[in-house]
Amino acid sequence: MPGIRQPPAMLCCMPGVAFVPALLVSWSSASFIISYVMAVLAGHVEPLVPYISDTGTKPPESGVFGFMINISALLAVITMYIRYLLIEKQNESSHFIRSSCNMFSLCIGLMGCIGMGIVATFQELAVPSVHDIGALVAFGSGVVYITLQSIISYKSCPQWNTYFVCHIRMAISVISCIAFIPMIVFASQISMTKIDWTPDEKDYTYHFLSAICEWTVAFGFIFFFLTFIRDFQRVSLRISTEIHEDS
């Protein structure tokens with residue numbers, strides 16, 4: 001596929017742009033795993049399926065969690081924008097979707113990134129209501145975004161995607177959607193806000209089931225963005241500038 005061209009002085013693509021989703025996937029995975037290990041070793045959470053946010057609530061892991069999740073949100077913004085440009089370029093010749101649908105998908109994805117930033121900035125025990133809103137926006141928008149991208153992928157077949165990749169994306173989307181609903185339902189049944197859960201406590205079952213669903217949705221996003229790597233290998237980045245001299 002030819003490089004995506006944009007007006008002068010505007011950034012579009014660069015060689016090796018596939019490293020962007022690869023970095024997003026590896027960085028996000030590391031942010032979850034590192035904060036989890038730190039929280040468990042510090043005795044702040046139980047090893048058995050805590051909420052993702054539970055692993056980034058108390059220092060020192062809270063600082064690492066906030067920093068890494070904010071970087072993940074930034075990488076997600078870059079990945080989604082490149083994906084938007086890629087679809088726009090493909091759509092110029094194939095006309096498989098309306099441009100407004102592509103823009104709508106991008107806006108939904110960016111909302112999810114804002115939610116990630118809220119989650120990273122407002123910690124669970126410090127400002128629980130704001131944190132919960134951010135988490136709801138992040139997960140809800142994320143599920144809608146990957147579902148829309150799965151539909152767009154099918155519409156671009158067979159010229160721009162294989163049906164195998166489309167099936168994988170849709171399967172991840174369906175699993176994430178299925179997990180998202182009980183995640184919210186079980187979380188709404190929990191009557192207290194805490195991070196150090198033990199099996200003999202009230203509402204532990206709701207917490208446990210909701211946390212499993214949360215991790216499922218989170219890693220669903222990671223595996224979904226992993227499927228972008230091959231698409232992004234086709235994209236090159238060209239930067240052009242124009243210098244106008246006053247006559």
Side-chain angles (χ1 to χ4, degrees), residues 16-40 45 49-56 61 64-84 86 105-106 108-120 134-153 161 164-184 187 210-233 235:
V17 77
F19 82 90
V20 177
L23 182 58
L24 170 62
V25 168
S26 57
W27 184 273
S28 299
S29 300
S31 66
F32 296 150
I33 294 171
I34 291 173
S35 59
Y36 169 81
V37 171
M38 291 179 66
V40 171
V45 298
V49 199
Y51 278 129
I52 295 173
S53 297
D54 291 350
T55 66
E61 63 268 15
V64 174
F65 179 83
F67 170 75
M68 296 191 73
I69 293 299
N70 275 318
I71 296 297
S72 290
L74 176 60
L75 291 172
V77 169
I78 297 172
T79 301
M80 291 173 182
Y81 181 62
I82 295 176
R83 174 67 176 172
Y84 164 80
L86 176 61
S105 176
L106 174 64
I108 292 295
L110 295 181
M111 284 180 58
C113 296
I114 293 173
M116 288 176 63
I118 294 174
V119 168
L136 183 62
V137 171
F139 283 103
S141 298
V143 166
V144 174
Y145 176 78
I146 65 175
T147 301
L148 290 174
Q149 287 297 317
S150 297
I151 295 172
I152 290 173
S153 296
N161 281 286
F164 177 72
V165 171
C166 293
H167 294 337
I168 291 177
R169 289 176 181 170
M170 185 57 73
I172 294 173
S173 301
V174 170
I175 292 172
S176 298
C177 288
I178 292 173
F180 175 74
I181 296 173
M183 181 188 81
I184 300 301
S210 180
I212 289 177
C213 293
E214 183 185 59
W215 283 94
T216 301
V217 175
F219 275 95
F221 296 157
I222 289 174
F223 288 126
F224 190 90
F225 284 113
L226 194 64
T227 68
F228 280 177
I229 292 177
R230 185 168 184 179
D231 291 346
F232 280 33
Q233 289 175 344
V235 180

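By convention here, the first residue in the shown sequence is residue 1. Bear in mind that the values here come from a model prediction, so they are computed numbers and not experimental data.
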Exercise. How close do S173 and S150 get, heavy atom to heavy atom, and via which atoms?
Worked result: OG-OG, 2.7 Å
Exercise. Got F67 and S31 here, is their nearest side-chain heavy-atom distance under 4.5 Å?
Worked result: no
For this session: Find the distance between OG1 (T147) and CZ (F180) and round it off to the nearest 0.5 Å.
Result: 10.5 Å
Exercise. Do the non-hydrogen side-chain atoms of M183 and T216 ever get within less than 4.5 Å of each other?
Worked result: no
Exercise. Does a side-chain heavy-atom distance below 4.5 Å link E61 with I34?
Worked result: no
Problem set entry | Distance in Å, I168 CD1 paired with F223 CZ, rounded so as to fall on 0.5 Å steps | 11.5 Å
Exercise. Is any side-chain heavy atom of L24 closer than 4.5 Å to a side-chain heavy atom of V20?
Worked result: no
For this session: State, with a plain yes or no, whether a side-chain heavy atom of I69 is found less than 4.5 Å away from one of F32.
Result: yes
Exercise. Between Q149 and S105, which heavy-atom pair has the shortest distance, and what is it?
Worked result: NE2-OG, 2.8 Å
Exercise. Backbone N or O of A138 within a donor-acceptor pair of the S141 side chain at under 3.5 Å?
Worked result: no
Exercise. So, for S176 and V143, which heavy atoms are closest and what is the spacing to 0.1 Å?
Worked result: O-CG2, 4.1 Å
For this session: Taking ring pair (Phe, Tyr, Trp, His ring centres under 6.0 Å) as the test, write out the residues that go with F225, two or more places apart.
Result: F228
For this session: Give the minimum heavy-atom separation between F65 and S35, together with the two atoms involved.
Result: CD1-OG, 3.6 Å
Seminar exercise, completed: CD1 (I152) and SG (C166) are apart, to the nearest 0.5 Å, by 11.0 Å
Exercise. Could you state the interatomic distance from CD1 (I118) to CG (N70), rounded to the nearest 0.5 Å?
Worked result: 11.0 Å
Exercise. Quick one: does I114's side chain get under 4.5 Å of V137's, heavy atoms only?
Worked result: no
Problem set entry | Y84 atom OH: more than 12 heavy-atom contacts under 6.0 Å | yes
Seminar exercise, completed: For E214 and F139, the nearest pair of non-hydrogen atoms, with its separation, is CG-CZ, 3.6 Å
Seminar exercise, completed: Smallest heavy-atom separation, R169 atom then S153 atom, equals NH1-OG, 2.7 Å
For this session: Please check if the side chain of S29 supplies one atom and the backbone of S26 the other of a donor-acceptor pair under 3.5 Å.
Result: no
Problem set entry | Y36 side chain reached by I33 side chain, heavy atoms, under 4.5 Å | no
Problem set entry | Nearest-0.5 Å distance, CD1 of residue I175 to CD1 of residue I146 | 9.5 Å
Exercise. Heavy-atom distance under 4.5 Å between the side chains of F221 and Y145, does that happen here?
Worked result: no
For this session: Any chance you could measure Q233, atom CD, to I229, atom CD1, to the nearest 0.5 Å?
Result: 7.5 Å
